[in-house]
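This chain uses plain numbering: 1 for the first residue, then up along the sequence.
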Amino acid sequence: VVVLSLRGDTIISRNYRDDVPKNTAETFFRKVRFWGAETEGRSGESAPPVFNSDGVNYYHIKDYCGTLSEDVIRKNFILVYELLDELIDFGYGQNTSTEYLKSYIFNEPLTVTTVAAPGKSASIFAPNTRSAAAATSKSVVEKPKKGVTRDEIFVDIVEKVSVTFNASGYLLTSAIDGSIKMKSYLSGNPDIRVALNEDLAVGSTENSPFAGDYGKGGGVSLLLDDCNFHSCARLKDFDADRTITLTPPDGEFVLMNYRTTHEFKPPFKIYTAVEEVAPYVAELVIKVRAEFPASKNGSNVVLKMPLPKATTRASCHIGPGQTGQTTEWKESTKEIQWSFKKISGGSDHALRVKLTLSEERVPNIKREMGPVSLSFTIAMYNVSRLVVRYLQILNKEKGYNPYRWV
């Protein structure tokens, strides 16, 4: 799903399956904007609402949004993403009922009252003759009734782990890109204090008063390469006790972004072995071990591995007693995909793949395989060990005790 500006800039983008080219938005804009010019005998015609280009189906809405402007979308992009997350799951439409959405959408729309300049089009791809006196119409989100507020605040730590193993399963490179995300629905805009690990160190050992103890059994368990903070964060006490004071804005925002490339234990280990067992036949074995605690579960786990170009067929065999798993051989891309509904911590899984080759012997067959990629989600678990020790509401009135979800 993409929303583009008049210039073709991407304002909103949500890729649900990662199965389309990266230049899809650019192709879409060019086709819609210059449809008549690029199609012989159709000069001046507008692009149809549905068309296909290079194997990708495009559906576009031109006039449905009326006088919705780029400025409106940019100012309400958090609300738009929140709506998309509720409307669509893995590319499939879920529920478009306005009454249903009201129960799950918390961000309030920001109204923009700018008027389109004379002669300017408010629609993205075609002139719009309707009045542009108001930039937005009534939102599906109703403002709470007078006297009714949602006093709660949410804090989430979200991390993306990137690691590279060699063929023997040894770790070559590793990195964590993480963020502390907050959603605030507190009335009165009270100040809050967020406390992180006391033994957290930031930067090199020369610049950090704690980093010298990292990896030596000292007081440092987490060393970040770098981090940055939201403009609302006040950091006068951060170096002393790792606390952040802030007046949170309404709605969702990222309090802190961070990155570390220092030693950590990856949540999964992957081992591969390949052998040519006969002319035109090779056998591949893939093993996955979940290295996280047994009390946690991994979901949406998908392993992908490219195979040699000479592969004409791949037969996958899952180990005995292993349920909730599926395999797929994609001949067009010469790739196998191994999917898990759920993986428990501490468990081991194996996949045996029999390859049929178009050549009797494939030189450097191991080099043509891989790299293996693994995507997954583990709720309530972060690899870096960054924690929020507490979230404190400051200067609160007597009896004011909002819900805190950390």
Open item on the list: If the condition is side-chain hydrogen bond (donor to acceptor under 3.5 Å, both in side chains), which residues does D177 pass it with, not counting sequence neighbours?
Closed with: R259
Task: Residues forming a side-chain hydrogen bond (donor to acceptor under 3.5 Å, both in side chains) with T243, sequence neighbours excluded - done: D241
Just wondering, do [Y] and [X] contact through their side chains at under 4.5 Å, heavy atoms?
| X | Y | result |
| --- | --- | --- |
| P248 | I192 | yes |
| V56 | T27 | no |
| M305 | L351 | no |
| I157 | Y258 | yes |

TODO: Tell me whether the guanidinium CZ or amine NZ of R30 lies under 6.0 angstrom from the six-membered ring centre of F28 and within 45° of its axis.
DONE: no
Task: Residues which pass side chain to side chain contact (heavy atoms under 4.5 Å, CB included) with V277, listed by chain and number, not counting sequence neighbours - done: E275, V281, E283
Task: Worked check of side chain to side chain donor-acceptor pair (under 3.5 Å) between T247 and N189 - done: CA-CA 6 Å; T247 305; N189 294 324; over 6 Å; no
Is the closest basic N to carboxylate O distance between [X] and [Y] below 4.0 Å?
| X | Y | answer |
| --- | --- | --- |
| D237 | R193 | no |
| K309 | E368 | no |
| K236 | D239 | no |

Donor-acceptor pair, side chain of [X] and main chain of [Y], under 3.5 angstrom:
| X | Y | result |
| --- | --- | --- |
| Q325 | I318 | no |
| K296 | M380 | yes |
| D191 | T245 | no |
| S179 | K181 | no |

Reported [atom1]-to-[atom2] distance for the pair [X] and [Y], which is rounded to 0.5 angstrom:
| X | Y | atom1 | atom2 | result |
| --- | --- | --- | --- | --- |
| I336 | E331 | CD1 | CD | 14.0 Å |
| N300 | T377 | CG | OG1 | 5.0 Å |
| R313 | S358 | CZ | OG | 15.0 Å |
| N297 | Y381 | CG | OH | 13.0 Å |
| T311 | M369 | OG1 | CE | 6.0 Å |

Task: Single hit among F264, F268, F376 for ring-ring contact (aromatic ring centres under 6.0 Å, His included) with F292 - done: F268
Task: Derivation of the side chain to side chain contact (heavy atoms under 4.5 Å, CB included) call for V2 and Y58 - done: CA-CA 11 Å; V2 293; Y58 295 89; over 6 Å; no
- [ ] Give a yes or no on whether the ring-centroid distance for F154 and Y403 is below 6.0 angstrom.
- [x] no
Open item on the list: Counting neighbours of CG on N57 that are heavy atoms of other residues, nucleotides or ligands and sit closer than 6.0 Å, is the number greater than 12?
Closed with: yes
Task: M256 vs V194, side chain to side chain contact (heavy atoms under 4.5 Å, CB included): CA-CA, chis, key distance, verdict - done: CA-CA 11 Å; M256 172 182 174; V194 177; over 6 Å; no
